[in-house]
Each structure stands twice: as structure tokens, then as C-alpha cells.
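In this text, all values refer to a predicted model and were calculated from it rather than measured experimentally.
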Amino acid sequence: MFSYLGKDEKRRKNQEVYENVTEGLKNIYKQKLLPLEKEYNFHDFHSPALDDPDFDAKPLVMLVGQYSTGKTTFIRYLLEQDFPGIRIGPEPTTDRFIAVMHAESDGVIPGNALVVDPKKQFRPLSKFGNAFLNRFQCSGTDSTVLKGISIVDTPGILSGEKQRTDRGYDFIGVLEWFAERVDRILLLFDAHKLDISDEFRRSIESLRGHDDKIRIVLNKADMVDHQQLMRVYGALMWSLGKVLGTPEVARVYIGSFWDQPLRYDINRRLFEAEEQDLFADLQSLPRNAALRKLNDLIKRARLAKVHAYIIAALKKEMPSMFGKDGKKKELIKNLDNIYSTLQREHQISQGDFPDIKKMQELLVNHDFSKFRTLDIKLLERVDKMLAEDIAKLMAMVPHEEAVSKTEGSDKIEGGAFDHVMNSKTPFMYKGGEGINAGVGEVEWVIAKDRYKYDAIFDSLNPIDGKVSGASAKSEMIKSKLPNNVLGKIWKLSDVDKDGMLDADEFSLAMHLMNIKLDGNDLPSELPAHLIPPSKRGF
């Protein structure tokens, strides 16, 4: 009786539709992953439970570096304005974690008030205690940049004797908490101070497992000349290779991120190109926010599954009556054997297991007899989530990206982003160079070199004022450019599409070849200022 009700309920669940990716993630996390985490004490070992603000929050960028590497100045450079609580100086000025976020009016929210705000994602930070919360604040300011991202400024990491002074809270633990939740981690280095202190080394090591989020910024690079810069870059790569412990090092961006004159401007073009690349990387964060949240939830689900296997295996090995303490010590000591057994039995990748030393330290404080045995249903629910629900949400991502692009919410606007990425002035990136030469000028930019190109054109024996493709090819291949590049130049130059080039079109072809030979890119379509005056009706 009433069996049809159960069938309808099952059908409804199978056809579950989410409004957007974020709502879908909240739903599947609470229904399918959170029960597994609670059952096996996941939050005591790895990461607190996720709340709605964790899913709703704007992309977060965290800056990490030793003192006086220009972290706070970098934020000011991005925003092109001060924010409440800003302090800049050569000494260690930023002594706290500052979350710089968008607000209608300038103001500061202290740490203790911040962690009880249900609209912010910082509530789990209360576990680090008052010593940390007194060194944590949210600075709100009305900046257009902060409508797209939020930024976390961290205290300057100490070196020398100062690093032996206890901060009074778990600095590395706080960094780990932020690293798990931010979208991008910028490690800043000063071109004059490449030494990596013990505390900085520990800080970088705490970011392991989040290598895809890390970008390296070699700041204040204008303070050294080009020869010294090569040596500094080489030394930085060598140091990072040792600390990060990976064969390939994260991308390094070289520049001088402040609004003062360059001391050595010999590398100006390099700095401009690197700035473009870094800003393009940051610009992608709002566009890829949904994918990043999906990726992080998948990583969390995999870790939660492995954690459940570990806890259940420890429970299984415990005696029911006597010798519990001795067995507990033995199991912790031989945790690597349990890892190996689970890896074989469940075909789990070695990289999915949590750090064994950290796990051993945390297990000491837990009562193994209270651990739960393996619940296959909970694990199957998570497997189904990974196989079906995540796939549904992945299919929604392209549509959401298209909508955000239409609404203009897929990029960061305002501040330095407007001048670096969107500027249409002579000072924009490669302004007045390469394909942009001649923009805004009355005279056709190629006219000044026409005498050279006309002489070559006449030597090709034009018929009725035009040269054939074969004649033009004999001259164009002298540039030694690849055939695919020359083919593109031909298509761009043959404005009237008659398969031949007249004097104007031939001059245009020669100009485009020189642009490419000078190391600049060719456009996919011919810009208006390069179209020959005689062809502007086509």
C-alpha cells in the first residue's frame, strides 16, 4: 500500500535540479558528504565543516611573504586606494591578518565580531583563540576591484632572532586554514632579500597540497639591473626547488608592483609583460570560481573517504576488553602499515592519504574505542555523489560562465585592472607597438615606408597594378617565416579577396611580416587603422 509514494520520491531525487552550481554544491555537501565527515570525526583531524558562506564567498587571494616584500603595497597597487588599517613601511608593519573586502563605507570589523558574523566565512577561525582573533580584522572599503575578489593580507614572516618569538597562536595552522579556502596564494619575494627563514620555510611547507593555487611574485625587481636580476631569479628558483620539493616550480612573475618611478627601467618591457600575465591570472578567478569550488569539494570528498577507511581500520584492530592503551600505541606507531593495507585493499592512490606524522600526532588524543566501524552505505552515497551529482553540476558550469560573461560579472574591474587590462591609451600594454602602431593617427602608418615596399613591388613586374600569389610568394618567403604565418599574412593583406595584391595590399603584407619578425603577434582580424585608405569601403 502507498508504494507509489516511495517510487515518486525516488524519481524526484533522481531528477533533482539545482538553480546554480553553488546551490547544488551546498545541497550535495549537506546531504551526502557531511554525514560521512561527522560519522568519522573528520572535522577533528582535517578541516571544520563547511557553511553556506564558504560556498557563497567571492574568490579569495592570499598574500604571503617575509616582512618588507611589498605585500600591503601590492594590495594598494591593485586597488589604487588606501584601505582602513593600512600600514606600509620597511619595518614589519602588518602585524595581523587583514581580510580586505568590499563594503559601502570604510570600516574595520575586529576578529571577535567577525567570527560570529553568519554572513562571513570566518566562523571556524574562532578555534584559534583570542590571541589570534586580536590579530585578525576585516577592512571594508568601497573599491570596484573588491566586488570581484577579496584579499587577505598576512603578517610579515619573521627572520633571524625574531622568528623564535612565539606569536601566541598557531600561525601555521591559520595559514593552512586559509590555504584550503582561498583561490590563489601569492608568495612574494623581495629581489634584495631572497633568504628563506625557518618560519617562511614552515609557512611554504604548510601550503603543500595546494600547489595549483600558488603563484610566485618576485617584487621590487626594478631595484637591480638586468645582470643582477638574472642571478636573483636563478637563486630564487634554486631555493624554491628545495623548499617546495617538486621537480617543477610554480610560475614566477617578475615586476615592481607600486606606483613609484622604476630605478632601473632597462627591464620595463619585461615588467609590463609579466604584469599582464599576473593580472590575467587574477582576472580568471571570478570566471573559474564555480569550477574551483567543485574541485575543492571533490578533493575534500576523496580525503573524507580515505579518512573513514583509516578510522574504521583502527577501530577494527582494537581489542574489545583489555590492553586498549598498548594496542593504541602500537597502531599509531605502525600507521604506515595500515596505510599500505588500505592502499592495496581499496586501490587508493598514495597521494590521497593524509600526512602520516600529522595523523599520528592527532590520533594520540582520541579514544579509539569510540571510533565507528565502516558504514558502506555512507561511502556509497559519497561515491554516487562523485559519479552523478558532480557530473550534473559540471554540465551546468559552461552555461553559468556564459551568463556571467553576458552580465559582465566574469572579470575584475576597477583599480589597476582597468589600466593594465582594459586601457585604450598610448600607455596600454604594447601601446604604439607592433599591431597597435598607428592607432589614432590621421595618416596611414604604412605610408612612411611605402617607398621601400613600392620598389620591391615594381621589381615583381605587376600586371594591371597587381601581383599574383606566385610572384608575392617568391618575395615573402625571403623572410624565412613559416608557411602557416605567411598564409595568415596573405589572408589579412588580400583585403578585397581577389587572390592578388595591389601596391597598397603588398605594402600591408610587408608591414605585417616586419611586425612578426620583430617578435609581435599578428591579429586574427585586420584592425581598422591598418586597412589601406583605398580599401576602406570593402
Side-chain angles (χ1 to χ4, degrees), residues 22 25-57 59-60 62 64 97 99 111 114-115 118 120-129 132-133 136 150 152 154 169-185 202-214 289 292-312 314 348-349 351-366 371-372 378-379 381-382 385-386 390:
T22 303
L25 286 172
K26 288 182 195 175
N27 198 308
I28 63 173
Y29 172 70
K30 288 174 185 172
Q31 290 184 3
K32 298 179 181 178
L33 183 54
L34 188 57
L36 181 75
E37 292 182 355
K38 286 180 176 176
E39 183 78 2
Y40 297 101
N41 303 27
F42 180 86
H43 307 137
D44 296 338
F45 288 85
H46 303 289
S47 172
L50 299 177
D51 294 322
D52 284 356
D54 288 308
F55 295 100
D56 294 328
L60 260 179
M62 178 169 70
V64 181
F97 283 81
L114 196 56
V115 295
K120 297 280 195 295
Q121 68 267 47
F122 304 117
R123 296 178 80 175
L125 285 169
S126 57
K127 71 175 184 177
F128 293 105
F132 165 70
L133 296 178
F136 179 45
S150 299
V152 177
T154 60
Y169 62 89
D170 183 5
F171 178 74
I172 301 300
V174 175
L175 272 186
E176 286 178 349
W177 186 91
F178 273 110
E180 189 176 328
R181 284 159 175 77
V182 300
D183 296 72
R184 192 66 79 237
I185 302 166
R202 289 195 299 273
S203 301
I204 296 173
E205 286 171 351
S206 73
L207 305 176
R208 280 184 184 166
H210 305 286
D211 302 349
D212 56 322
K213 300 178 181 179
I214 296 175
R292 198 275 303 173
K293 288 169 186 168
L294 266 169
N295 185 54
D296 283 359
L297 192 71
I298 294 167
K299 277 164 65 175
R300 188 181 179 98
R302 289 167 70 95
L303 180 59
K305 276 182 61 185
V306 173
H307 177 78
Y309 283 126
I310 294 168
I311 297 299
L314 293 170
I348 301 168
S349 168
D352 286 348
F353 284 90
D355 181 68
I356 193 162
K357 288 182 181 176
K358 186 179 175 184
M359 199 70 180
Q360 286 170 327
E361 289 171 11
L362 292 167
L363 283 168
V364 171
N365 303 316
H366 283 78
F371 285 168
R372 302 299 182 105
L378 284 176
L379 286 167
R381 198 183 299 174
V382 172
M385 177 195 88
L386 291 169
I390 294 290

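Taking a cutoff of 4.0 Å between a charged side-chain nitrogen and a carboxylate oxygen, Asp355 and Arg208 do not qualify as a salt bridge.
Not counting sequence neighbours, the partners of Phe45 by the ring-ring contact (aromatic ring centres under 6.0 Å, His included) test are His307, His366. In this structure Lys30 satisfies the salt bridge (Lys or Arg N to Asp or Glu O under 4.0 Å) test together with Asp52, sequence neighbours excluded. Under the rule for a side-chain contact (heavy atoms from CB on, under 4.5 Å), the partners of Leu303 that lie at least two apart in sequence or sit in another chain are Phe42, His46, Pro354. Residues passing the ring-ring contact (aromatic ring centres under 6.0 Å, His included) test with Phe136 are Phe122, Phe132, sequence neighbours excluded. A search for side-chain contact (heavy atoms from CB on, under 4.5 Å) contacts involving Pro124 returns Pro48, Trp177, not counting sequence neighbours. Considering only residues two or more places apart in sequence or on other chains, Arg123 meets the side-chain hydrogen bond (donor to acceptor under 3.5 Å, both in side chains) condition with none of them. Under the ring-ring contact (aromatic ring centres under 6.0 Å, His included) criterion, Tyr40 pairs with no residue, sequence neighbours left out. In terms of the side-chain contact (heavy atoms from CB on, under 4.5 Å) criterion, residue partners of Asp54 (sequence neighbours excluded) are, by chain and number, Leu50, Asp51, Gln121, Arg181. With sequence neighbours left out, the salt bridge (Lys or Arg N to Asp or Glu O under 4.0 Å) criterion links Lys127 to no other residue. Residues passing the side-chain contact (heavy atoms from CB on, under 4.5 Å) test with Pro35 are Leu378, Arg381, sequence neighbours excluded.
Identified under the salt bridge (charged side-chain N to carboxylate O under 4.0 Å, His left out) test for residues 302-312, with sequence neighbours left out: Arg302-Asp352, Lys305-Asp383. Listed by first and then second residue, the salt bridge (charged side-chain N to carboxylate O under 4.0 Å, His left out) pairs involving residues 34-45 are Glu37-Arg300, Glu39-Arg372 (not counting sequence neighbours).
A donor-acceptor pair under 3.5 Å links the side-chain atoms of Lys293 to the main chain of Phe55, judged by distance alone. Panel note: side chain Lys213, backbone Val182; a donor-acceptor pair is recorded below 3.5 Å.
Shown here for Arg184 and Asp212, the closest heavy-atom pair between the two residues is NH1-O, 3.9 Å.
Judged by distance alone, the side chains of Ser206 and Glu176 never bring a donor and an acceptor atom under 3.5 Å apart.
For Tyr309 and Phe353, the distance between ring centers is not under 6.0 angstrom.
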